[in-house]
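Notes to accompany the following structure.
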Amino acid sequence: MARAVECLGLRACLTKSIMDCGDGLPPNWSSCSTDDCIQSQKDLYEKHHNTADGRIRIWFGLRQIMNATDRLLLETRDAAQKLNTGIHMHIAEIPYENQLVMQAKGIDHGTVTYLEKIDFLRSNLLAAHSVWLNKPEIGHFLKADVKVSHCPASAMRMLGFAPIREMLDSGVCVSLGTDGAPSNNRMSIVDEMYLACLINKGREAYIAGTTNPTALPAETVLKMATINGAKAVLWDNEIGSLEVGKKADIVVVNPFTWSMVPVHDCIANIVYCMRTENIESVMCNGRWIMREKKIVNLNEEEVIASAGKRASDLLARAGINLPNRMNYL
């Protein structure tokens, strides 16, 4: 991943998703001790942090509470704080997670309640999903300055409807994410902006019994995709907005296509109308990495062809035979 980021010219916070317990893990994962988990992340930090002209930062990663002992949680907290880096963790994704934590830990709600109890919550924590939170837990996030990554496509597909309005109203920093390919497929922040607006308006209508088109307005969603994203990865002093003194990370949009014309309100058009094909060029750290829709630093066609072959090889190695459901040439 670090090599790919460096080659493409991207900027990234990279993390290894670690687990030191849990049922059903493959043998090579279940044999990984807590010490191994911590040390492997320290090694990655030492090797890759602040490389690629400062574009790569290494974070610590925890898969989820079902796959982490208390020792792993607390030592990850301390190690990340000592190295002044962040922690990424999937939190309160599904009801079963909260139920399991309540049963195992003897608490009255779920993951966030328990993490607050053991003093794990910190301002360098990025909580992915955060769907099944109650009001006191939102308060815990606010008090600790925990950041949230809202993944609307993944939420609709398999998780549920997160209390995004309540978190934003309380002052919690909420950004946008895509989640991984198995639960999203499109992996597009452009799509996530559109979906975030829609599903949160739908949630408000369900709760209140009446529609409210002003719920989660376009301006808020654009902030979630830009400056809040930078805050979520602890990088807002350098990126996330176009300001004097910040890094030159720029996305050039062509609004003069069928999907965005007419442009009466540029923010509304970006959130509600823009598609990925409207993005013409991308600059990172002052250098063009996509120019006029062409990736600058590698051959995109070769990468796509290689990915297709590798995907077929993975299916074969896994012994998976997919049904032929459609005839095509």
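Values below: all heavy atoms of this structure, side chains included; hydrogens, waters and symmetry mates excluded.
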Could you check whether Arg157 and Asn185, counting side-chain N and O atoms only, form a donor-acceptor pair closer than 3.5 Å?
yes

Who clusters with Ile304? Use side-chain heavy atoms, under 4.5 angstrom, across I, L, V, M, F, W and Y, and order the result by chain and number.
none

CG-CE distance between Leu10 and Met290, expressed to the nearest 0.5 angstrom
11.0 Å

Among residues two or more places apart or on two chains, list those pairs meeting salt bridge (charged side-chain N to carboxylate O under 4.0 Å, His left out) that have a residue in residues 240-256.
Arg11-Asp249, Glu243-Lys246

If a pair satisfies ring pair (Phe, Tyr, Trp, His ring centres under 6.0 Å) and one of its residues is in residues 76-120, list it, with sequence neighbours excluded.
His88-His90, His90-His129

Checking side-chain polar atoms at under 3.5 Å, does Asp35 have a donor or acceptor matched by the opposite partner on Ser33?
no

If you group Ile, Leu, Val, Met, Phe, Trp and Tyr whenever their side-chain heavy atoms sit less than 4.5 Å apart, what else falls in with Leu315?
Ile320, Leu322

Side-chain cluster (under 4.5 Å, hydrophobic types only) that Ile239 belongs to, other residues
Trp59, Leu126, Val233, Leu234, Trp235

Applying salt bridge (charged side-chain N to carboxylate O under 4.0 Å, His left out) as the test, list every pair that has at least one member in residues 124-136; sequence neighbours left out.
none

Side chains of Asn184 and Ser154: do they bring a donor and an acceptor to under 3.5 Å?
no

Can you name the ring pair (Phe, Tyr, Trp, His ring centres under 6.0 Å) partners of His49, sequence neighbours left out?
Tyr45

Which side-chain N or O atoms in residues 160-171 pair as donor and acceptor under 3.5 Å with protein atoms at least two apart or in another chain?
from   : atom 1 : to     : atom 2 : distance (Å)
Arg165 : NE     : Glu204 : OE1    : 2.8
Arg165 : NE     : Glu204 : OE2    : 2.7
Arg165 : NH1    : Asp169 : OD2    : 3.3
Glu166 : OE1    : Arg203 : NH1    : 3.1
Glu166 : OE2    : Arg203 : NH1    : 3.4
Glu166 : OE2    : Arg203 : NH2    : 3.1
Ser170 : OG     : Glu166 : O      : 3.4
Ser170 : OG     : Met167 : O      : 2.8

By side chain to side chain donor-acceptor pair (under 3.5 Å) - contacts of Glu116 (at least two apart)
none

Ring pair (Phe, Tyr, Trp, His ring centres under 6.0 Å) filter on Tyr194, not counting sequence neighbours, yields none

For the residue pair Thr85 and Asn124, confirm or rule out a side-chain donor-acceptor distance under 3.5 Å.
no

Side-chain donor-acceptor contacts of residues 224-232 below 3.5 Å, not counting sequence neighbours, with atom names and distances?
from   : atom 1 : to     : atom 2 : distance (Å)
Thr226 : OG1    : Leu222 : O      : 2.7
Asn228 : ND2    : Val174 : O      : 3.0

Quick one: do the Asn67 and Gln64 side chains pair a donor with an acceptor below 3.5 Å?
yes

Chi angles and distances behind the side-chain contact (heavy atoms from CB on, under 4.5 Å) call for Leu176, Met193
CA-CA 8 Å; Leu176 284 179; Met193 285 196 295; 3.7 Å; yes

Tracing side-chain links under 4.5 Å among I, L, V, M, F, W and Y, which residues wind up in one group with Phe256?
none

I'd like to know if the side chain of Glu192 pairs up with that of Thr178 as donor and acceptor (distance under 3.5 Å, no hydrogens or angles considered).
no

